[in-house]
Amino acid sequence: MTSQELRQKFIEFFEAKGHILVPSSSLLPKDDPSVLLTTAGMQQFKPYFVGLKDPQVELGGRQAISIQKCFRTADIDDVGDDTHLTFFEMLGNFSFGDYFKTEAIQFAWEFLTTVAGISASCLSATYYNGNRPGTTADIEAKLALDKLDGLNQVSAQPDAENFWGPTGTEGPCGPTVEFHVNGVEVWNLVFNEFYCHPDGKLSPLPVRGVDTGMGLERLSVAVNQLPNIFATDVFKPLMDKLGSLTPRAQRIVADHIRGAVFLLGDHVRPSNKEQGYILRRILRRVLMHIHGSGVRLEDLINTVIDLFGPVYLDLTQNRESINQFARTEADKFSRTIDAGEKELAKLIANGTPRLSGAEAFKLFASYGLPIDFIKEKIPVDESEFDRAFVEHQSISRAGVEKKFGGHGLSAGAAIDPAEQIQITKLHTATHLLHAALREVLGAEVHQAGSDINPERTRFDFNFPRKLIPDEIQRIEAWVNDKISTGFSVKHETLPYAQAIAAGAVAFFKEKYPAQVDVYTIYNEDTGKVISQELCGGPHVTNSHDLGTFRITKEESSSAGVRRIKAVLE
Ligand code: SER
């Protein structure tokens, strides 16, 4: 059965039972600040579940279905296996104070075994065991499951498996029944009975409801007895274009390009913030994997639009802008990669037969050059590279700030090359900011703390009052001037005493090791030093490719300490 037949049969089945078809909402949730992107079909129906709006008035009934575009960043690291995706289509039926558990379970069973033709012997189900305080085991669901003829296995599971929601910090939630085909979860039936408050407490919902979600791609695997989601017809034409990549890269590219096209179609634009950053990240991963492979970005984008345009009409309408924004991002990215390739070419031209792990890691950390890419050009001491990578990650997690007086990184932030580039740039920008503060506000200003994630730098410093707009402007202008002039960044490992004697800025309350890392930002022609700090890095090698520095917030952090948040655009 094709995916279009499955969509159609799902709609017909539930329409025949009185459900109203509601179009997919945008991937950018409207009026729901709890999440960055739409992750579930129920999001657009939240007001009906909590009684804020009447579905009878708005929709003309209390039963609905949708085929919802969903994007789950939480699953990004699992993409590449047989069952996980970031972007997927979710088939769902909903009841707002109409039918409840028994009917919902019967509908699902009937659809799976008769319409989809899945053999009962492949099907198993789980229900909620009631382990969470204030709840009980879902006996009503169990009784309904026990009545299903031929269901292979039924088991009770704790809330980690069989209790869903809320999205974000509060909202409707409840126990679930999951149907599995050959061990893979295919359909999740949520029985919204509770409202979860921000403190985790549950209170009963005035109206009980049903919210179900079934991944179209997993359903297609089950119906057509395929080995994995990438073998389904929603992926096949894409996979056919990716034969020159490794099997895992094929899957990552196929998943991410679909996600990127749908995000662009819903008017998300690449940026360093929020949804735009998610888009940038997956798009850059695609670009990295196809770099030098002969696969063309445009070709992938148009394949996705051709595949899904007949179902999601606005993709076709937006074909031009989708391509245009993706191309701009690709051009930006290739400039970074080009800079990295130039550095690599220099190292090779020096006659080195082999790159040290540290050299390879620097190319990775500063330019985002993937290790596989480097290895194609020159042998690399990989075990040393791995050590540098792991060490960097563990330093990042522990917070460089605590150990060496540098800037802490948010946990886990150092893995993705696109993120790594942004973090590296923000590190250097933070040193410039520190220098600018001393320049504009006085040399007694010093760092009191710092935290960097791929989106922004946060910098705390001692200062007795709020900054005035003119000061903020002068600080930004100073940093941007240094960025556009292009100052070199030098890294040295020096004995601690020597570094301090040379005037490097350090946290005097910290304990430093005997040998310290010192980063100096200076003018290559005149030798003029504008910043010298003890820091765990990493940094760019020249300030010219940092972008535009902008202060987004200035506020009090604690008594006598101010806090600045800033971004690179
Ligand atoms: N909200 C549930 C889920 O996303 C069922 O639709 O799995």
Side-chain angles (χ1 to χ4, degrees), residues 6-7 10-11 13-14 19-27 29 32 34-50 55 62-76 78 83-96 98-101 103-105 107-109 111-112 125-128 138 141 157-181 184-196 202 205 207-219 222 229 259 262:
L6 287 172
R7 291 186 192 102
F10 184 83
I11 294 170
F13 177 82
F14 280 102
H19 291 67
I20 297 154
L21 176 63
V22 179
S24 172
S25 62
S26 164
L27 283 170
D32 186 359
S34 69
V35 280
L36 281 180
L37 294 172
T38 300
T39 57
M42 60 82 72
Q43 269 162 269
Q44 67 166 324
F45 300 128
K46 267 188 184 178
Y48 307 142
F49 285 118
V50 297
R62 306 198 167 277
Q63 307 178 6
I65 46 167
S66 68
I67 300 177
Q68 176 66 47
K69 299 178 271 186
C70 295
F71 194 103
R72 294 191 172 172
T73 49
D75 290 335
I76 200 164
D78 292 325
T83 53
H84 286 89
L85 295 167
T86 55
F87 171 83
F88 66 102
E89 292 172 79
M90 189 190 266
L91 310 172
N93 58 295
F94 304 87
S95 154
F96 316 111
D98 194 294
Y99 61 85
F100 205 42
K101 298 178 186 180
E103 297 89 327
I105 289 169
F107 289 162
W109 179 253
F111 181 83
L112 290 172
T126 58
Y127 68 96
Y128 175 54
D138 198 347
Q157 300 289 334
D159 58 346
E161 305 296 331
N162 280 76
F163 197 97
W164 196 89
T167 57
T169 49
E170 64 181 307
C173 60
T176 70
V177 158
E178 286 180 3
F179 280 100
H180 296 236
V181 181
V184 176
E185 180 196 340
V186 167
W187 206 341
N188 186 21
L189 281 51
V190 184
F191 309 121
N192 282 321
E193 318 185 45
F194 300 105
Y195 191 91
C196 180
L202 300 177
L205 276 180
V207 180
R208 300 188 306 180
V210 173
D211 146 32
T212 88
M214 170 161 58
L216 174 67
E217 301 80 357
R218 289 191 188 181
L219 175 66
I229 43 182
F262 273 91

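If you read the sequence from its start, that first residue is 1, and numbering goes on from there. Whatever order the structure lists ligands and atoms in, that order sets their numbers, starting from 1.
- Put simply, the side chain of T39 never gets that close to the backbone of T167: no donor and acceptor are under 3.5 Å apart.
- With rounding to the nearest 0.5 Å, the separation of CE in M90 from CG in N188 is 7.5 Å.
- Near ligand 1, A40, M42, R72, M90, W164, N188, V190, D211, T212, G213 each place a heavy atom less than 4.0 angstrom from the ligand.
- Between the side chain of D75 and the main chain of D78, no donor-acceptor pair closer than 3.5 Å is present.
- Ring geometry for F107 against Y99 counts as perpendicular: the plane angle is over 60°, on a 0 to 90° scale with 30° as the lower cut.
- Pairing each heavy atom of H19 with each of F94, the nearest pair is CD2-O, 3.9 Å.
- Side-chain contact between T83 and R218 is present, with at least one heavy-atom pair separated by less than 4.5 Å.
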